[in-house]
2 protein chains.
Amino acid sequence: MNEEEKALVKSYFSPKKLRKKQYLLQEGDACKYLAFVEQGLLRSYNVDDKAVEHMLQFAWEGWWISDTYSFLSGEPAAYNIDAIEDAELLLITLPHFEEMMLQVPRMERYFRILFQKNIISKERRLLSSISLTAEEKYLRLQHSNPELVQRIPQQLIASYLGITPETLSRIRKTIVQKK
Amino acid sequence: MNEEEKALVKSYFSPKKLRKKQYLLQEGDACKYLAFVEQGLLRSYNVDDKAVEHMLQFAWEGWWISDTYSFLSGEPAAYNIDAIEDAELLLITLPHFEEMMLQVPRMERYFRILFQKNIISKERRLLSSISLTAEEKYLRLQHSNPELVQRIPQQLIASYLGITPETLSRIRKTIVQKK
DNA sequence: AAATGCACTTGATATTTATCAAGTAATGCT
DNA sequence: AGCATTACTTGATAAATATCAAGTGCATTT
């Protein structure tokens with residue numbers, strides 16, 4: 001990308017800082033922004049009838065996060081997004097996003113490829129989810145994404161895997177014992 | 001899309017017919033094609049150490065199917081793809097796909113948007129998978145995708161939901177009894 | 001029409017995971 | 001440093017789901 005393009009792309013975004021525990025998006029609101037994480041750590045999740053949180057995604061430096069459906073459709077968001085660690089973001093609105101796609105074909109391509117990669121990783125997580133035991137899921141996550149396991153609090157990892165914190169605690173114990 | 005573009009796009013694809021139970025792709029081979037389903041029904045799945053199949057995706061008229069990772073990277077496929085019903089497909093190779101993206105920006109856009117939608121539906125399936133009971137998963141699938149539940153054999157639906165055929169059979173029984 | 005093979009069902013039991021309750025360790029706040 | 005809050009662990013028990021084994025019904029083949 002040349003300097004001119006870089007400047008143009010940058011002009012579509014606005015910076016935003018978020019303190020730990022602050023919301024970027026709350027369920028029910030329209031998701032106005034797609035966020036690029038420059039610094040820090042965010043999560044998206046939903047909350048069920050029993051007030052249990054279910055992690056959809058974590059996003060740190062270099063990752064994108066939003067409620068994709070709400071962002072694109074304008075419908076109320078199904079998910080919450082908040083900061084697990086203080087964060088610095090670059091935000092883009094849908095009109096700016098669409099404009100950018102048209103003005104900078106390179107970005108259209110960038111996002112098509114980004115989305116491809118996202119699909120591939122979601123497919124893997126899905127297959128883990130439907131085919132592995134709790135322990136296998138944890139071990140595979142640890143193997144495929146060690147930074148996540150290291151950086152994210154344990155209860156959130158449990159939620160991400162679809163198991164209870166107690167079960168994860170016990171699994172970790174047996175893994176240590178096996179060594 | 002004008003006639004010229006349509007003809008150009010069409011020229012990148014080659015047709016293929018598949019009989020029921022025939023493979024389009026076998027685990028370990030490179031996935032050479034991205035397939036568009038004109039007619040019929042396909043599935044992608046993997047097989048674990050215990051020879052149990054785990055459904056990743058079903059694709060019927062108007063859907064696309066491939067092992068996305070293998071298709072893009074050239075690495076051996078992790079999944080099998082075969083026909084549940086006799087099928088007619090349009091196949092495109094990666095070089096043709098890339099060429100088409102460059103020659104027809106409209107298609108770049110089409111796939112970016114297609115991938116967005118794919119991500120949204122995978123996210124929903126993932127959240128169902130990590131947050132619902134077996135019965136809730138089945139009911140939600142039935143509600144969100146009645147054609148799938150009607151058209152796909154029950155054992156494959158069970159696998160798609162990450163439960164055993166026996167459990168699904170019992171769940172269906174209790175649902176009927178409740179009515 | 002009889003025979004074979006699948007898909008689905010049903011039953012008994014085992015295993016995995018969740019729930020509830022209490023404890024201990026770690027962290028944040030003033 | 002001391003107190004409060006939150007995160008994690010552990011134990012006892014309950015609930016959900018898997019496994020294994022037979023059986024039934026239905027369709028396909030001969």
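Values below: all heavy atoms of this structure, side chains included; hydrogens, waters and symmetry mates excluded. Each chain gets a letter, A, B and so on, in the order its sequence line appears, and its residues count up from 1.
The one candidate from A:I81, A:L42, A:N80 that meets the side-chain contact (heavy atoms from CB on, under 4.5 Å) condition with A:L25 is A:I81.
When the side-chain contact (heavy atoms from CB on, under 4.5 Å) test is applied to B:F97, the partners found at least two apart in sequence or on another chain are A:R112, A:Q116, B:L34, B:F71, B:I92, B:L94, B:M100, B:M101, B:F111. Remark: B:S14 engages B:L91 in a side-chain contact (heavy atoms from CB on, under 4.5 Å) (not counting sequence neighbours).
A close approach under 4.0 Å does not occur between any side-chain nitrogen or oxygen of B:K173 and OP1 or OP2 of C:dT9.
Heavy atoms from other residues, nucleotides or ligands lying under 6.0 Å from CZ of B:R151 number more than 12.
There is a side-chain donor-acceptor pair under 3.5 Å between A:R172 and A:Y138.
Taking NZ of A:K17 as the start and CD of A:E38 as the end, the distance is 10.0 Å to the nearest 0.5 Å. To the nearest 0.5 Å, atom CZ of residue A:R140 and atom OG1 of residue A:T133 are 10.0 Å apart. Taking CZ from A:R43 and CG from A:L56, the interatomic distance works out to 12.0 Å, rounded to the nearest 0.5 Å.
We find that CG of A:L168 is positioned 8 Å from P of D:dT9, with the value rounded to whole Å. For the pair A:I171 CD1 and C:dT17 P, the computed distance is 6 Å after rounding to whole Å.
Side-chain contact between B:S131 and A:V52 is absent, with no heavy-atom pair separated by less than 4.5 Å.
Comparing the start and finish of the helix from C:dA1-D:dT30 to C:dT30-D:dA1, five pairs each, the helix axis swings through 50°, to the nearest 10 degrees.
Sorted by residue number, the list of members of residues 122-141 of chain B with any non-hydrogen atom under 4.0 Å from DNA chain C is empty. For the segment residues 151-167 of chain A, the set of residues with a heavy atom within less than 4.0 Å of an atom of DNA chain C comprises A:G162, A:I163, A:T164, A:E166, A:T167, in numerical order.
Hydrophobic cluster membership differs between A:Y12 and A:I65, with clusters built from Ile, Leu, Val, Met, Phe, Trp and Tyr side chains linked at under 4.5 angstrom.
Remark: the backbone N or O of B:I120 is not paired with any side-chain donor or acceptor of A:T68 at under 3.5 angstrom.
One N or O donor and one acceptor, one from the side chain of A:R170 and one from the base of C:dT19, sit under 3.5 Å apart.
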Show the distances under 3.5 angstrom between N or O atoms of the protein and N or O atoms of nucleotides 26-28 of chain C.
none

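Taking a cutoff of 4.0 Å between a charged side-chain nitrogen and a carboxylate oxygen, B:K10 and B:E3 do not qualify as a salt bridge. B:E123 has no carboxylate O lying under 4.0 Å from a charged side-chain N of A:R125, or vice versa, which leaves the two without a salt bridge.
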